J.: 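First, the structure itself, so that you have it in front of you.
Everything numeric in this text was worked out from a predicted model, so none of it was measured. Quick note on labels: first sequence line is chain A, next is B, and so on, each numbered from 1.
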There are 2 protein chains.
Amino acid sequence: MNAKQVLDLAMTAYWHGDPADVSVNAICQMAGISKPSLYREFGSEDGLSRAALDRYAEQVLSEMFVILHGGTGLRQTLGALIDFASDDPRMETGCLFYKMRAGKHRLGPKTRARVEEIDAAGQSANAAFLQAARDAGDWPEGLSVEAGAKYLGEQIALAITQRASGEDPARIREMLTLALSVFTRP
Amino acid sequence: MNAKQVLDLAMTAYWHGDPADVSVNAICQMAGISKPSLYREFGSEDGLSRAALDRYAEQVLSEMFVILHGGTGLRQTLGALIDFASDDPRMETGCLFYKMRAGKHRLGPKTRARVEEIDAAGQSANAAFLQAARDAGDWPEGLSVEAGAKYLGEQIALAITQRASGEDPARIREMLTLALSVFTRP
DNA sequence: GACATAAAATACCATATGGTAACAAAATGA
DNA sequence: TCATTTTGTTACCATATGGTATTTTATGTC
């Protein structure tokens with residue numbers, strides 16, 4: 001089993017379960033490699049989890065950025081985000097990034113730094129998206145773009161986190177649609 | 001230090017930090033008692049955390065139920081909930097119940113059962129409150145009471161969880177107000 | 001004071017964690 | 001072919017966890 005396979009396995013393990021509950025030992029066992037092998041490849045648990053997060057970001061998180069940068073208008077982009085969060089099968093077990101962010105204090109310094117970077121990037125992407133909508137005149141009164149960006153991000157995080165806890169996707173969609181309806185008020 | 005003092009200390013420790021990161025050893029050390037003493041009083045870690053949650057429920061969570069059962073109308077009750085979640089100093093370090101619910105899988109069976117009981121009770125209280133508003137004619141079209149109840153609960157949980165992560169209360173209030181504005185649409 | 005009894009503390013157990021030193025095997029260079 | 005470097009494994013370390021058997025300390029009773 002080569003390094004990338006191990007990384008994929010670790011990413012999936014962190015992603016499917018709770019990152020804090022997946023030990024280095026367990027990953028070695030699953031991968032069928034020894035601990036020193038893993039440590040020579042990734043340096044530390046922090047290094048491994050950071051690498052797993054990086055891989056996750058470029059492999060699945062990127063899709064969310066694509067949606068946001070699509071530039072297909074407020075309603076359409078919000079709809080795509082709702083679809084992704086509520087029904088994309090990849091989000092069935094939640095999102096590794098949100099899981100790590102929720103348990104930030106348990107992460108090593110490198111992984112935590114990456115989480116914060118991604119968080120900031122997500123917020124910027126949200127803000128850019130909403131700013132474009134505002135520039136197009138499609139915006140409710142009395143709401144700052146920054147607050148809206150954070151709100152949008154948190155609502156999506158909430159929806160995906162609920163997916164991980166087995167909530168009914170239809171119900172999640174209903175709630176997320178309700179939450180995001182504030183952007184498209186008549 | 002008597003049993004109730006120990007329980008208060010444990011509750012506060014669980015509440016202030018992350019329940020999963022507070023060990024039995026740490027509680028004994030803080031309380032200045034020995035481990036067997038604690039085990040004689042509470043049986044197990046599960047027993048202790050359940051007792052702490054019970055105490056928390058009757059001591060602070062009850063306040064939320066009081067607000068919900070106030071019967072002071074939709075807007076006013078929502079305002080009180082927003083005040084409580086955004087600005088009550090007791091919620092500055094988050095809510096023990098929400099913290100435990102977020103890490104449900106780490107809890108012992110008794111504590112987990114209590115968490116689920118409280119969760120169900122909260123949802124019922126939300127539903128009863130919203131049903132009353134609906135009966136009073138104050139209700140947006142096309143939204144079921146059940147979905148609204150769950151939505152309301154999740155939004156408050158989100159707001160209080162953000163308090164725990166040090167978010168600016170004014171920003172939290174802004175977002176929670178935005179989220180709950182769906183109930184009072186013109 | 002002597003003795004039985006309840007309470008508390010010390011010291012321990014099994015287990016799991018992240019991490020590493022010592023060592024064997026295989027590939028790689030000359 | 002031999003030396004060297006890389007790769008991997010076994011076996012271990014220090015630490016922390018939840019939980020307990022055993023011993024000490026206090027307490028009440030005769």
J.: Starting at CD1 of A/I27 and ending at P of C/dG19, how long is that distance when rounded to a whole Å?
T.: 12 Å

J.: OP1 or OP2 of C/dG18 less than 4.0 angstrom from a side-chain nitrogen or oxygen of A/N25, does that happen here?
T.: yes

J.: Using whole Å, report how far NZ of B/K35 lies from P of C/dA8.
T.: 17 Å

J.: With a 4.0 Å cutoff (strictly under), does any side-chain N or O of B/S44 reach OP1 or OP2 of D/dG19?
T.: no

J.: Rounded off to whole Å, could you give me the CD-to-P distance for the B/E41 and C/dA8 pair?
T.: 9 Å

J.: Do the side chain of B/R40 and the base of C/dA7 come within less than 3.5 angstrom through a donor-acceptor pair of N or O atoms?
T.: no

J.: Reading DNA chain C from 5' onward, which residue's closest nucleotide shows up sooner: A/G43 or A/D21?
T.: A/D21

J.: Is there a donor-acceptor pair closer than 3.5 Å between any side-chain N or O of A/S49 and the backbone N or O of A/D46?
T.: yes

J.: Any salt bridge between A/E154 and A/R101, counting N to O under 4.0 Å?
T.: yes

J.: Taking the nucleotide of DNA chain C with the nearest heavy atom to each, does B/S34 or A/S23 sit closer to the 5' end?
T.: B/S34

J.: What is the distance, rounded to the nearest whole Å, between atom OH of A/Y39 and atom P of C/dA21?
T.: 13 Å

J.: Answer yes if the side chains of A/Q123 and A/D119 hold a donor-acceptor pair under 3.5 Å, and no otherwise.
T.: no

J.: In terms of the nearest nucleotide of DNA chain D, which residue is placed more toward the 5' end: A/P36 or B/V22?
T.: A/P36

J.: Going by an N to O cut-off under 4.0 Å, is there a salt bridge joining A/K4 and A/D8?
T.: no

J.: Among A/Y98, A/Y56, A/F97, which residue meets the ring-ring contact (aromatic ring centres under 6.0 Å, His included) test with A/W15?
T.: A/Y56

J.: Does OP1 or OP2 of C/dA9 have a side-chain N or O of B/S37 closer than 4.0 Å?
T.: yes

J.: Rounding to a whole Å, what distance do you find between A/F42:CZ and C/dG19:P?
T.: 14 Å

J.: Between D/dT9 atom P and A/L38 atom CG, what is the distance in whole Å?
T.: 11 Å

J.: Just how far, in rounded Å, is P of D/dG18 from CG of B/L107?
T.: 13 Å

J.: Quickly work out the B/Q29 CD to D/dG18 P distance and round it to whole Å.
T.: 13 Å

